[in-house]
J.: 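Dropping a structure here in structure tokens format, bear with me for questions.
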Amino acid sequence: MDLLELMKKRRSIRSYTSEDISEENLDKILSAGLLSASGRAIRPWELIVVRNQDTLRKMADSRDHGAKMLEGANAAVIVIADETKTDVWTEDCSIVMANMHLMASSLGVGSCWIQGRLRKSAGGDSTEEYLRKLLGFPENYKLEATLSLGMPENVPEPRETAKELWKKVHREVY
Ligand SMILES: Cc1cc2nc3c(=O)[nH]c(=O)nc-3n(C[C@H](O)[C@H](O)[C@H](O)COP(=O)(O)O)c2cc1C
């Protein structure tokens with residue numbers, strides 16, 4: 001499929017069936033993340049893949065709201081980065097997230113970005129501290145976000161590049 005058509009079809013999917021994502025498709029999604037561009041090719045990120053249902057349920061409380069879909073997810077990928085390696089770790093991590101999200105969509109796997117950085121857990125700790133305690137990543141690793149994954153319960157309509165959006169494009173000068 002044409003890349004632009006694929007981008008129109010990419011949507012945030014928050015409801016999943018009980019069907020398993022195949023290991024092959026999960027590997028493709030992770031590969032898309034690992035192939036991401038990275039400032040000075042430092043690649044400061046690490047990815048934590050969770051498939052354990054009990055852990056996924058606990059991860060739903062990593063946010064005060066906006067992460068409930070993890071209770072029904074089939075997998076999640078947590079993107080963290082060593083902030084001591086580069087000052088563009090958030091940009092680097094965002095590209096990993098975006099590439100995995102788009103790859104998932106191309107395979108018919110539903111996914112949603114769950115913001116982690118600068119957010120709080122249901123219990124009041126930061127989302128980062130909550131997930132650090134649950135998943136055991138070291139202090140120098142900062143949390144960017146979690147990608148929830150599952151086979152979509154329903155597929156929303158593709159988006160069009162609406163006229164409104166084109167107003168955001170400025171040519172030559174603002
Ligand atoms: C930086 C970022 C943070 C987001 N955080 C959340 C979140 O915490 N929870 C959630 O349900 N969706 C989250 N989303 C998904 C957006 O809500 C979604 O992309 C937006 O509503 C547009 O819908 P679409 O992705 O279907 O085009 C986030 C997306 C981005 C890019």
Side-chain angles (χ1 to χ4, degrees), residues 1-17 21 29-30 32-33 36-39 44-50 55-81 83 86-132 134-135 137 141-169:
M1 191 192 296
D2 175 71
L3 184 56
L4 190 58
E5 289 309 309
L6 188 62
M7 287 173 156
K8 287 179 184 175
K9 286 195 167 167
R10 179 221 56 80
R11 296 294 310 276
S12 297
I13 310 282
R14 300 177 178 86
S15 300
Y16 312 109
T17 68
I21 301 165
I29 292 164
L30 295 166
S36 298
S38 171
W45 25 256
E46 305 274 335
L47 312 179
I48 306 173
V49 183
V50 174
T55 311
L56 288 167
R57 269 191 295 276
K58 287 180 181 153
M59 284 175 60
D61 283 335
S62 66
R63 287 280 308 279
D64 46 4
H65 64 277
K68 286 291 163 238
M69 71 291 259
L70 284 167
E71 286 173 358
N74 188 248
V77 184
I78 297 88
V79 179
I80 55 173
E83 64 165 352
T86 169
D87 58 356
V88 293
W89 66 270
T90 57
E91 289 86 347
D92 283 348
C93 287
S94 295
I95 297 172
V96 172
M97 284 292 295
N99 284 351
M100 292 194 299
H101 184 40
L102 190 61
M103 186 69 207
S105 175
S106 83
L107 297 166
V109 175
S111 67
C112 187
W113 181 311
I114 300 167
Q115 183 62 19
R117 197 173 70 87
L118 308 175
R119 294 290 179 268
K120 289 225 172 299
S121 68
D125 281 355
S126 70
T127 301
E128 180 176 282
E129 272 314 306
Y130 183 94
L131 289 179
R132 180 176 285 118
L134 187 65
L135 307 172
F137 55 89
Y141 277 87
K142 298 293 159 197
L143 172 69
E144 173 72 19
T146 297
L147 190 71
S148 64
L149 291 159
M151 298 311 289
E153 196 134 65
N154 35 49
V155 179
E157 287 298 303
R159 287 200 193 284
E160 283 303 322
T161 36
K163 277 206 177 87
E164 273 309 298
L165 285 176
W166 279 103
K167 290 184 186 157
K168 293 181 172 292
V169 179

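FYI, side chains are in, hydrogens and waters are out, and symmetry mates aren't considered; it's all heavy atoms of this structure. Please read all numbers here as calculations on a predicted model, not as lab measurements. Positions are given from 1, in the same order as the sequence printed here. Each ligand, and each atom within it, is numbered from 1 in the order the structure gives.
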J.: Evaluate the side-chain proximity of V109 to N74: yes if any heavy-atom separation is below 4.5 Å, no if none is.
T.: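 The answer is no, as the side chains (C-beta and beyond) never meet within the 4.5 Å cut-off.
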
J.: Quick one: does P44's side chain get under 4.5 Å of S38's, heavy atoms only?
T.: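 They are in side-chain contact.
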
J.: Has R63 got a side-chain atom pairing as donor or acceptor with Q115's backbone, closer than 3.5 angstrom?
T.: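 It does hold such a pair.
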
J.: Considering only heavy atoms from C-beta outward, does the side chain of E144 approach that of V96 to under 4.5 Å?
T.: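 No, side chains not in contact.
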
J.: Got a sec, which pairs hit salt bridge (charged side-chain N to carboxylate O under 4.0 Å, His left out) with one end in residues 121-130, sequence neighbours left out?
T.: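 Qualifying pairs: D125-K133, E128-R132, E128-K142, E129-R132.
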
J.: I'd like the contact residues of ligand 1, where contact means a heavy atom below 4.0 Å.
T.: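 Contacts of ligand 1 under 4.0 Å: R10, R11, S12, R14, R63, G66, M69, C112, W113, I114, Q115, R159.
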
J.: Quick one: does T127's side chain have a donor or acceptor within less than 3.5 Å of a partner on R119's backbone?
T.: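 The answer is yes, because a donor-acceptor pair under 3.5 Å joins these two groups.
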
